Amino acid sequence: MYTINENYLDLQGSYLFSTIAKKVAAYKEANPQADIIRLGIGDVTQPLAPAIIEALHKAVEEMGTMEGFHGYGPEQGYEFLRSAIAKNDYQARGCQIDADEIFVSDGAKCDVGNIQEIFGPDNIVAVCDPVYPVYVDTNVMAGRAGKFNPEKGGFEKIVYMPCTEANGFAPEIPSQKADLIYLCFPNNPTGEVIDKAALQKWVDYANKNGSVILYDAAYEAYISEEGIPHSIYECEGARTCAIEMHSFSKNAGFTGLRLGYTVIPKDLVCNGVALHSLWNRRHGTKYNGAPYIVQRAGEAVYSEEGKAQIKEQIAYYMENARIIREGLQEAGFTAYGGVNSPYIWLKVPGGLTSWEFFDKLLNEVQVVGTPGAGFGASGEGFFRLTAFGTHENTIEALRRIKEM
């Protein structure tokens, strides 16, 4: 008789955003006339930029000709896109990253979940708390997390690094051994960042202890303050200890197109084995590559027109973030984030749990957010709102919350 991967049985409930979707669907079914404003899931609302649409049309027309048709592409990604990424996202910032160290994919979430496959089962994993659930759940699926401990509020083998008001939502280097360290800045869900000096300490720790940093930079385009690194490779020594993931979803609105990339420097070596070669093998074996037309759209992100248009869209969302943050503060809430990130992390009032506050917002004012408890034990007592709605819905949501 066949057996199953019993590690899946250790997962806690359903995926956070699936649970939210079910709750909202149930409310909508019971209240079909309700005008629900969704500020929970990090999905964008603005249409694709004109430069991207133009590139998509052109690529589609190419595919209808003998000369321009493209079948299977290179699994690592087309050279035109990888070169554009290397030049604009790295070399322009003084980072030594070459095009052949970039692997194009269908999004950062997939890469974040899949990257753990190239590491052994006995590696000790460290994550921020609160944290994007995919980091933990994929290691649970791989059997690297151990059993869930209710008293700990987490899994036995996972090293949790609390990000709280007391430490400015910045994780502290763990005192115990950590082999795989997940960092995300600007942080999801808190919206907070750390400066280059603080990030350099993590790089130094990883190199000293033989650890690998898995750096999620999906929101780097929203950084507005000086001195905040956009890439971990701005730090000295990062090439020998860090893997970085990026997404086109949040900066360019590709949530419906699906495109991202992962950087693995060739200097990152474990016992004589280059992680670049391992991921290249995994990528080539299990992945057929992002579609040609989508990669052409990704290339347009780096055109002069594309850069200008995307900058306007980011400014649109960051104006929403300002409205949410300042509106909450005016209403007496304690709120963080929203300066270098499209996420606002607010403190739940009145002694409510984060899920109780979720239900209160949904039932009383038809506004949907994300309970902090869904991101980990240290997220309890907080709540995440996103700036990815329309201006009109953002203003209306804040009006409702203030009245409540």
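From a predicted model like this one, the values you see are computed outputs, not experimental measurements.
Ring pair Trp202/Tyr205 is perpendicular by interplanar angle, where above 60° counts as perpendicular and below 30° as parallel. Using cut-offs of 30° and 60° on the angle between ring planes, the pair Tyr222 and Phe388 is perpendicular. The aromatic rings of Phe383 and Phe358 lie tilted to each other, with the angle between the two planes from 30° to 60°. Between Tyr90 and His246, the ring planes are perpendicular. Angles over 60° get that label, and only those under 30° would be called parallel. In this structure, Tyr292 and His70 have parallel ring planes: the angle between them is below the 30° cut-off, well short of the 60° mark.
At a threshold of 4.5 Å between non-hydrogen side-chain atoms, the residues Tyr316 and His391 count as touching. At least one side-chain heavy atom of Val273 sits less than 4.5 Å from a side-chain heavy atom of Leu278. Looking at heavy atoms from C-beta onward, Ile37 lies in side-chain contact with Arg400 at the 4.5 angstrom threshold. No side-chain heavy atom of Lys250 sits under 4.5 Å from any side-chain heavy atom of Tyr317. With contacts defined as side-chain heavy-atom distances shorter than 4.5 Å, the pair Leu362/Val367 does not qualify. Using a 4.5 Å heavy-atom threshold, the side chains of Ile213 and Glu244 count as separate. Between Val104 and Gln76, every side-chain heavy-atom pair lies at or beyond the 4.5 Å cut-off.
A donor and an acceptor atom, one from each side chain of Glu192 and Ser341, are nowhere located under 3.5 Å apart. Residues Asn207 and Thr240 have side chains that bring a donor and an acceptor to within less than 3.5 angstrom of each other. Side chains of Asp179 and Ser211: a donor-acceptor N/O pair is absent below 3.5 angstrom, by distance only. Looking at Thr190 and Asn187, their side chains do bring a donor and an acceptor atom within 3.5 Å of each other.
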Subject >> Test side chain to side chain contact (heavy atoms under 4.5 Å, CB included) applied to Val127 and Val159, step by step >> reply: CA-CA 6 Å; Val127 299; Val159 176; over 6 Å; no
**OP:** Please test Tyr343 against Tyr219 for ring pair (Phe, Tyr, Trp, His ring centres under 6.0 Å), starting from the C-alpha separation and ending with a verdict.
**Re:** CA-CA 10 Å; Tyr343 293 128; Tyr219 301 94; 5.1 Å; yes
Original post:
When you look at Lys266 and Asp100, which way does the salt bridge (Lys or Arg N to Asp or Glu O under 4.0 Å) test go after all the steps?
Top reply: CA-CA 9 Å; Lys266 293 180 180 178; Asp100 64 355; 2.7 Å; yes
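Val203 and Ala238 make their closest contact through CG1-N, 3.7 Å (heavy atoms, listed as atom of the first residue, atom of the second, distance). Residue Gly338 comes nearest to Met318 through the heavy atom pair O-CE, 3.5 Å, listed as atom of the first residue, atom of the second, then distance. Shortest non-hydrogen contact noted between Ala217 and His230 is CB-O, 4.1 Å. Summarising the geometry of Cys184 relative to Tyr135, their closest heavy-atom pair is CB-OH, 3.3 Å, with the distance given to 0.1 Å. The heavy-atom pair separating Leu268 from Ala242 by the smallest distance is CD2-O, 3.8 Å.
Aromatic rings from Tyr132 and Phe375 are positioned such that their centres are separated by 6.0 Å or more. Phe382 has its ring centre less than 6.0 Å from the ring centre of Trp345.
In this structure, Asn139 contributes its side chain and Gln116 its backbone to no donor-acceptor pair below 3.5 Å. No side-chain donor-acceptor contact under 3.5 Å links Gln91 to the backbone of Asn88. A side-chain donor-acceptor contact under 3.5 Å links Lys196 to the backbone of Glu234. Of the possible polar contacts, none joining the Glu156 side chain to the Ala145 backbone as a donor-acceptor pair under 3.5 Å is found. Within the 3.5 Å criterion, the main-chain N or O of Ala178 finds no donor-acceptor partner in the side chain of Asn209. Side-chain atoms of Tyr78 do not come within 3.5 Å of backbone N or O of Ala290 as any donor-acceptor pair. Proximity of a side-chain donor or acceptor of Arg239 to a complementary backbone N or O of Gln96 within less than 3.5 Å is detected. Here the side chain of Asn320 pairs a donor or acceptor atom with the backbone of Ala387 at under 3.5 angstrom. Put simply, the side chain of Arg384 gets close to the backbone of Gly40: a donor and an acceptor are under 3.5 Å apart. Looking at Ser277, its side chain does come within 3.5 Å of a backbone N or O of Ala274 through a donor-acceptor pair.
Ion pair Glu117/Lys286 flagged as a salt bridge, since at least one NZ, NE, NH1 or NH2 atom sits closer than 4.0 Å to an Asp/Glu carboxylate oxygen. No salt bridge links Glu54 with Lys58; every basic N to acidic carboxylate O contact stays at or beyond 4.0 Å. A salt bridge between Glu299 and Arg82 is absent, with no side-chain N of the basic residue lying under 4.0 Å from a carboxylate O of the acidic one. Comment: Lys109 does not engage Asp111 in a salt bridge, judged by the lack of any side-chain N to carboxylate O separation of less than 4.0 angstrom. A salt bridge does not link Glu356 with Lys360: every distance from a Lys NZ or Arg NE/NH1/NH2 to an Asp or Glu carboxylate oxygen is 4.0 Å or more. By the 4.0 Å N-to-carboxylate-O rule, Asp106 lies too far from Arg258 to be salt-bridged with it. Looking at Lys87 and Asp98, no side-chain N of the basic residue comes within less than 4.0 Å of a carboxylate O on the acidic one, giving no salt bridge.
In Arg296, the CZ atom is crowded: over 12 heavy atoms of neighbouring residues, nucleotides or ligands sit closer than 6.0 Å. Applying the 6.0 Å contact sphere to CD of Glu6 captures no more than 12 heavy atoms from other residues, nucleotides or ligands. Within 6.0 Å of CD in Glu29 there are 12 or fewer heavy atoms belonging to other residues, nucleotides or ligands. Shown here is Lys152, whose NZ atom has more than 12 heavy atoms of other residues, nucleotides or ligands within 6.0 Å. The local environment of NZ in Lys201 is sparse, with at most 12 non-hydrogen atoms from other residues, nucleotides or ligands closer than 6.0 Å. In the displayed structure, Arg399 atom CZ is contacted under 6.0 Å by more than 12 heavy atoms of other residues, nucleotides or ligands.
Atoms SG and CD, from Cys163 and Glu172 in turn, are 9.0 Å apart once rounded to the nearest 0.5 Å.
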